[in-house]
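Here is the structure we will look at, set down as structure tokens.
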Amino acid sequence: MKSNSLVPELSISDFEKTLEFYTKILGFTIEYQRVDEGFAFLSLGEAQLMIDEIGKTRTWTRCESPDKSRGKS
């Protein structure tokens with residue numbers, strides 16, 4: 001399977017429920033998964049997305065721009 005140029009990764013709170021929703025209800029296929037990490041790469045036709053349970057093995061925090069002046073007038 002060829003990956004799209006841009007594949008969104010969704011931060012989720014419940015891996016099992018989210019995976020069930022995308023596969024059983026919406027019809028996505030699991031292309032790759034790491035259950036112990038709460039991660040899966042899913043596809044449906046040409047659509048692709050990744051789901052990643054936050055706090056299971058990785059935790060994302062807000063990134064601040066190193067240039068604090070950005071966005072200031």
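This one's a predicted model, so the numbers in the text were calculated from it and none came from an experiment.
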Would you call [X] and [Y] a side-chain contact if the rule is heavy atoms closer than 4.5 Å?
{"X": "Met50", "Y": "Pro8", "result": "no"}
{"X": "Ile12", "Y": "Leu19", "result": "no"}
{"X": "Glu9", "Y": "Phe39", "result": "yes"}

Minimum heavy-atom separation for [X] to [Y], with atom names?
{"X": "Ile54", "Y": "Ser11", "value": "CG1-CB, 3.5 Å"}
{"X": "Leu44", "Y": "Leu26", "value": "CD2-O, 3.7 Å"}
{"X": "Glu53", "Y": "Ser13", "value": "OE2-O, 3.6 Å"}

Trace of the side chain to side chain contact (heavy atoms under 4.5 Å, CB included) decision for Phe41 with Gln48: CA-CA 7 Å; Phe41 186 97; Gln48 298 172 335; 3.9 Å; yes
Ring centres under 6.0 angstrom apart (Tyr22, Phe28):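 Distance test on ring centres: under 6.0 Å, yes.
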Intermediate values then yes/no, side-chain hydrogen bond (donor to acceptor under 3.5 Å, both in side chains), Glu31 and Ser43: CA-CA 7 Å; Glu31 299 295 342; Ser43 70; 2.5 Å; yes
Side chain Asp14, main chain Lys17, donor-acceptor under 3.5 Å: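 Checked: pair present.
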Hydrophobic cluster membership, Tyr32 vs Val35, 4.5 Å side-chain cutoff: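 They do not share one cluster, since no chain of ILVMFWY contacts under 4.5 Å joins Tyr32 to Val35.
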Gap separating the CZ atom of Arg34 from the CZ atom of Phe15, nearest 0.5 angstrom: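 So the gap between those two atoms works out to 9.5 Å.
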Passing option when Thr18 is tested against Leu10, Thr23, Ile51 for side-chain contact (heavy atoms from CB on, under 4.5 Å):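 Going through Leu10, Thr23, Ile51 one by one, the side-chain contact (heavy atoms from CB on, under 4.5 Å) with Thr18 is satisfied by Ile51 alone.
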